[in-house]
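Structure first, then comments.
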Amino acid sequence: MSEIPKLYDPQEAQAKWFPYWEQRGDFNADPDPAKPSHTIMIPLPNVTGALHMGHALNGTCQDLITRWRRMQGYEALWMPGTDHAGIATQAVVERRMLEEEGLTRHDLGKTTEEARKVLVNRIERWKDVYEKRIISQQKKLGASCDWRRVRFTLDEVCAKAVRRTFFKMFSDGLIFRGKRLVNWDVHLQTAVADDEVFEEDTAGHFWTFNYPVVDEAGNPTGEAIRFSTTRPETMLGDTAVCVHPTDERYTHLVGKHVKLPFANPETRDVNIPIIADALLADKEKGTGAVKVTPAHDPNDYACYMRNPEIGVINILNADGTINEYGRVDGADWQGIDRLEVRQHIIQRMTELGHFESVEDRVIPLKHSDRSKTPVEPFLSDQWFVKMGPHTKPDGEHVDLAQSAMDAVEKNDIRFYPSRYAKTYTDWLSEKRDWCISRQLWWGHRIPIWSTAVRDVSDGEIVKKQIESRNWFNPDKVYVWIQADGKAAPSTKAKVTTMTPNTFVHICVDDNGLNLEQSVTGEGFVQDPDVLDTWFSSALWPHATLGWPDTEHNPPMMLQDVGPFKLDSLSIPKWLFDLVPESIARENTIFPIGVKDQKLLIACAEKIEGSDGSDLTAAAELEAKLEFILERKIELLTSDPNEITVCIDRNVEKFGATQTDLEFSSPLGDIARNEVLPYFYPHDTYQGQPHDNKSVLITSRDIITLWVARMVLTGLYNMDGKVPFRHVHVHPKILDGFGQTMSKSKGNGVDPVDLIHKYGADAIRFTISSFAGETQDVRLPISYECPHCEEMVPPKQYKLDNATVVVPSTLKGEFPVPQGAPKPVLVCPNKKCKQESQFTTPLYDPDPDAPLAKMVSERFEYGRNFCNKFWNAARFAMLNLEGYTPDEVTADQLQLEDQWILSRLSTVAHQIDEYLGRYQFDAATRAIRDFTWNEFCDWYLEMIKPRLRGEIEERAIAQRVLLAVLDSLVRLLQPFTPFICEELWSRLNEIAPERALPIGPNRLNDESSRCSILVSRSCADACINAEWPALPATWQDTALEQRFSRLQETIVAIRNVRAIYNIPPGTSVKLLMRATPEVATDMQSVASQFDNLTKAVLEAAGADVERPAGSASFSLGETDGYIPLEGLINTAEELERQKKKLAEVEKHLKGTQAKLNNEKFVSSAPEEVVNGVKESLANLESQRASIQEIIDDLS
RNA sequence: GCACCCGUGGCUCAGUUGGUUAGAGCGCAUGCUUGACAUGCAUGAGGUCGGAGGUUCGAGUCCUCCCGGGUGCACCA
């Protein structure tokens, strides 16, 4: 065996064991009817950027559960992947493009379609970089995902599911076209979602104007109606003035009109109605009258929906300039920016005498997160999914939101902690229709082709087109004729009527014909928009398992798997049989699947050319590719099926795409998707009852956006089956100031930096100790000086409206003045005082200069624990010389053995309970306390004499020690997998056969001579080892109580030793007064007093007298005396005892009062009363003892 | 405005259905250089559980109000 270093080296273990697991296929999960399944779908990270602490927490929880279930015998799938995150990713790439090249997306091609292709291409490259980085970060943390199954929301598998779902919903009439006010970013010329908008208080003005009231002929009546606005330019789009129906100032005007002072009668009505609407107008606010601009204000739009006769006028172009409605009476503002037009209008209104007043006001203005510019409310056509009750064309009733609420109501899905069910239900109960179209280029393009029918002859042409096309197949193509002004879809459209002002929308099923080619040029144009990112991520749980393909398992990606053995992969047997031996030789090549009667083969380790040369060397691979292909084909010409070869790392070079890597059988009856029914929650699998556990582990901010939508699409697509049974919501990680961590605040910590400093196990262990049920964890962070590793605390810095975090010892100014040097961190360590850069959102660091990383000392918790555990194992292994595996019987066990086994069983059961409720913090504490405070501090110390003793007692101690250590390594594997695998391999080397505690016998059954520990050989790897199932009967409360009496006594002796400063090497005498039973018990463990605190038990019994000049302690049941003639200061000892007495008397008083209270005695439960009585007796006995000592001393 | 969460020793957090003397880690103090571990060992100090009421034999735990911190959703002419 190699030497065991004193310090655990996490980096070495990480480098060694992750590739080991991956190559062995330990993370792989494939359907196995003999095993129950456990599924976790990763909350897919965005490819926008690298992972942060929140992801680390999220990943740790999932990996913990996955590893735990895997050891318990579940086929545990943790599905990895990433999200294309439409708007966020496109915005990042566009912003970089603009900063670095001065290009907008429109500059990328001559036509929009061309530019679109170029942009998407660029984003794809960005995605490749970050996807890789994200996956490598996750692997560094030890994530045991089935990495063969990595999915991306835009890949072909997900795209199929998206198109099928869209078609299904469309033909069910659940998808419709409607108007909606969006937040329009005039700078990026795109809509931004509500959650991508931030509010900023901006200095603005609050103008009051008036509109003259006119009579029916349009002549002024002399009256005017006053109103206020912060955006005067919207007057161009006013279509009404609104008052409250009970506002007596205005009731006589309702139904009359006002004249827009300078409106152009050629483009619009110049007289607009005065309407009453209680929801819009508020008597108390402003003048009580409000102008209505439906196209540019959400409330006004809602008012218009209630009063459609007033009409809508959109006055803006996409770039924020005013459109043709800017051509007004006496001026032309078309093409001028809205803010400039605002000034013109104020001036014009003033000239015409309609200005009343203006005041300064701070206005909360919505800004785009992406461009940081103000957004404009902008009315546009969007696609929606109906969330509430709906009748499908076939008459069936659906209610997507309701179905998702019911699933939680019926407990098909449970939230942990349960309070989050409320967030979920509250949001769903609004049943607000889901706007699914986004004006972006990066995403799933909406599979709709449309054309407008302007007049009757147009309609006839389109009608003939549709009817005559051979591509029209009612099952694959769904046509929706959207009549003017009608938002909801008609019933399944027959192409009969084709009235003017109609839109014809065609949606094609994924398996339908290629409409793009068929209809392009026929007047049909594909919708330019893409789908909301959440539309594809909502399908994640079933799409990644291959839905809607029922005939093939989802394809897998083999990436960087390295050399592996043929038999280590879970390949269906039938496929295995197909491989000719000549291909399988050297275990280097294995079949991947069959496609179009072609066998796909991957080779991994070494391919020999005919001349014996190694063709797998990376540099040579490409050049000799053709040769290999030919060679293999030639080799197999006797086979009726043609053979294609593909290589794991470079699939695409062989002309195969990811989707070619399909597991499918050439035999018809096996050709079905097994992965979906096995891993998606079903109660049965292959006709047998099936135990599937599945949990979604996520943070609370996406309960609505993501969790709710996964449930409703899951129920909709999967015949009413929920996508997961549990939802665990974990806390958020905040910085030391209590703010969320983010790049823009400069307080984001890169988990990889932490892993580098403390080790992955330490990070995992610390993180899981945070993950409790009460939300939000503060993680104070520091900058680490790159020169001397000094920790530099952060401080907050207010910058404009944002708060950023910067080092507290800083040289330089914020914001950085033009041309001035960037601020730098100055190390506060007097011996260092060197400067360095630091992570900040304020500017990019120079790549060459040293950078202070962000770390947190909190992770020493985990690091120290790992090291402690390492050394405990080290101690055990150093003491295993001469170990022989054999049975241990109950009567061979010492007190400490029985105790540690009782504790072990208790803790193992606790861990199962806690993990089952996702209480990671409690589980972590339990295993830590056991390992450190019980196993190390007491058990190891107590068996040291036996390990140095005679052969027989040494052998028993070794066996029990090894059994406990073995269980401990297993129990810790989910928490700290790397160190456990390292220890496991060392244990397998030293003691391949070791005791696995099993068996039903009670430890305290002295008459039993049955073996309670049975040796057996262990699994190769800890990751696959059996999870400890320790008999609950080993837990022995009485024994644990006996043991704590011993512990308390030892602590009391140590206390005396510390107080009187007795050197560690000096022995003391100990006398104990106790009941005969306790005295006997103490005598039986007398050697431990000597061992643990150098105290020699001289006497124990009921009649032991306190020797003069003794230090004393009283524990209620027992009193102890340590003769310290000469050492003891009588006055000090007296003082100490008096203090103790006062303490005891205080508690005694309270306890007596309780028992004197008749109501307490009569109404409290019996065991509580008995407990108090016991406590009283104990206290009284203590008081008596202490009093006696005091009398003696004074 | 509505909803949810949090406030426990200097710091970060536990505290199960109310029930004997409220716990831990870090930090602090004192003492430990020989074999598992100073990323360690031993001992100790430090808390009227944000405030005020209430329910109860009994409240850190339940109820009401208030104060402070956070989050989500709505709204802001």
Side-chain angles (χ1 to χ4, degrees), chain A residues 4 6-8 194-195 199 206-208 227-231 234 242 280-282 285-293 297-300 363-364 417 419-420 422-423 426-427 430 700-701 703-704 731-732 734 736 738-740 758 762 769-770 772 774-780 857-858 860-861 863-879 919 921-922 925 928-929 933 936-937 940-941 944 1051 1054-1059 1061-1064 1093 1143-1144 1146-1148 1150-1151 1154 1157-1165 1167-1176 1178-1179:
Chain A
I4 312 168
K6 276 187 172 188
L7 280 184
Y8 166 56
D194 285 340
D195 47 317
E199 277 192 2
F206 187 70
W207 288 273
T208 304
F227 61 88
S228 302
T229 179
T230 57
R231 293 185 298 156
T234 58
C242 177
L280 184 66
D282 183 339
K285 279 186 180 170
T287 62
V290 56
K291 66 192 210 57
V292 186
T293 323
D297 183 283
N299 296 309
D300 294 2
I363 301 156
R419 76 184 110 96
Y420 287 108
K422 189 171 158 54
T423 310
D426 284 355
W427 183 79
E430 288 182 32
R700 77 180 102 93
D701 32 301
I703 290 174
T704 54
K732 281 180 97 155
L734 310 174
Q739 24 169 33
T740 48
Y758 299 103
S769 80
F770 290 162
T774 21
Q775 295 301 299
D776 298 347
V777 183
R778 284 189 191 212
L779 184 66
E857 288 169 286
R858 296 285 301 280
E860 287 176 7
Y861 177 81
R863 183 199 58 184
N864 294 355
F865 173 76
C866 289
N867 201 55
K868 184 71 183 174
F869 180 47
W870 176 261
N871 275 290
R874 179 171 184 264
F875 168 80
M877 288 188 279
L878 292 173
N879 281 285
Q919 292 171 348
D921 60 334
R925 256 198 317 277
R928 182 191 186 276
D929 290 349
N933 303 339
C936 292
D937 289 350
L940 292 185
E941 293 305 324
K944 274 179 181 173
V1051 170
R1054 284 170 174 169
N1055 184 7
V1056 168
R1057 295 190 65 117
I1059 287 165
N1061 230 333
I1062 299 165
T1093 183
E1143 224 172 276
V1144 169
K1146 193 182 111 196
H1147 295 311
L1148 201 56
T1151 312
K1154 232 176 214 183
N1157 183 338
E1158 264 175 49
K1159 278 191 176 170
F1160 169 72
V1161 181
S1162 59
S1163 45
E1167 63 266 27
V1168 173
V1169 178
N1170 286 341
V1172 177
K1173 279 182 182 160
E1174 236 174 75
S1175 163
L1176 179 75
N1178 194 304
L1179 285 167

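For clarity, every value in this text was computed on a predicted model and none was experimentally measured.
Taking the side chain of A/Asp426 as heavy atoms from C-beta on, and the options B/A3, B/A36, B/C73, the nearest nucleotide is B/A3. The side chain of A/Leu878 approaches B/A36 more closely than any other nucleotide in the set B/A36, B/C73, B/C57.
For A/Lys944, the side chain to side chain contact (heavy atoms under 4.5 Å, CB included) partners two or more places apart in sequence, or in a different chain, are A/Phe875, A/Glu941, A/Arg948. For A/Asn1178, the side chain to side chain contact (heavy atoms under 4.5 Å, CB included) partners two or more places apart in sequence, or in a different chain, are A/Gln1182.
Protein atom NZ of A/Lys732 is 16 Å distant from nucleotide atom P of B/C6, rounded to whole Å. In this structure, the CG atom of A/Leu734 is 9 Å from the C1' atom of B/U71, given to the nearest Å. Rounded to an integer number of Å, the gap from CD1 of A/Ile703 to C1' of B/G72 is 10 Å. Rounded to whole angstrom, the span from the CD atom of A/Glu1158 across to the P atom of B/G58 amounts to 14 Å. Straight-line distance from the OH atom of A/Tyr861 to the C1' atom of B/C11: 15 Å, rounded to whole Å. For the pair A/Asp701 CG and B/C4 P, the computed distance is 19 Å after rounding to whole Å.
Comparing A/Asn1061 and A/Cys242 by the nucleotide of RNA chain B whose heavy atom lies nearest to each, the residue mapping closer to the 5' end is A/Asn1061. With the nearest nucleotide of RNA chain B identified for both A/Ala281 and A/Leu940, A/Leu940 has the one nearer the 5' end.
In this structure, A/Arg231 pairs ionically with A/Asp297, as a charged nitrogen and a carboxylate oxygen lie closer than 4.0 Å. A/Asp426 and A/Lys422 are joined by a salt bridge, as a carboxylate oxygen and a charged side-chain nitrogen come within less than 4.0 angstrom of each other.
A donor-acceptor contact shorter than 3.5 Å is absent between the side chain of A/Asp776 and the backbone of A/Leu734. A/Arg874 contributes a side-chain N or O that, together with a main-chain N or O of A/Ile4, makes up a donor-acceptor pair within less than 3.5 Å.
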Protein-nucleotides 18-20 of chain B N/O pairs closer than 3.5 Å?
residue : atom : partner   : partner atom : Å
B/U20   : O2'  : A/Ser1175 : OG           : 3.4
B/U20   : O2   : A/Gly1171 : O            : 3.0
B/U20   : O2   : A/Ser1175 : OG           : 3.4

Anything under 3.5 Å between a protein N or O and an N or O of nucleotides 12-16 of chain B, put it in a table, one pair a line.
residue : atom : partner  : partner atom : Å
B/U12   : O2'  : A/Arg858 : NH1          : 2.7
B/U12   : O2'  : A/Arg858 : NH2          : 2.6
B/C13   : OP1  : A/Arg778 : N            : 2.6
B/A14   : OP1  : A/Thr774 : OG1          : 2.3
B/A14   : O2'  : A/Arg925 : NH1          : 3.4
B/A14   : O2'  : A/Arg925 : NH2          : 2.3

Protein and nucleotides 37-42 of chain B: nitrogen or oxygen contacts under 3.5 angstrom:
residue : atom : partner  : partner atom : Å
B/C37   : OP1  : A/Lys6   : NZ           : 2.9
B/C37   : O4'  : A/Asn871 : OD1          : 3.0
B/C37   : O4'  : A/Asn871 : ND2          : 3.4
B/C37   : O2   : A/Lys868 : NZ           : 2.9
B/C37   : N3   : A/Lys868 : NZ           : 2.9
B/U39   : O4'  : A/Arg863 : NH2          : 3.4
B/U39   : O4'  : A/Asn864 : OD1          : 3.0
B/U39   : O2'  : A/Asn867 : ND2          : 3.0
B/G40   : OP1  : A/Asn864 : ND2          : 3.3
B/G40   : O3'  : A/Lys868 : NZ           : 3.1
B/C41   : OP1  : A/Lys868 : NZ           : 2.9
B/C41   : OP1  : A/Trp932 : NE1          : 2.6

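Within 4.0 Å (heavy atoms only), A/Arg928 reaches sugar-phosphate atoms of the nucleic acid but no base atom.
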Quiz item: Can you give the dot-bracket line for RNA chain B, where a pair is Watson-Crick or G-U wobble with both atom distances under 3.5 Å, crossing pairs use [ ], and | marks a partner on another strand?
Solution: (((((((..((((.....[...)))).(((((.......))))).....(((((..]....))))))))))))....

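The line from OH of A/Tyr758 to CD of A/Glu857 is 6.0 Å long, rounded to the nearest 0.5 Å.
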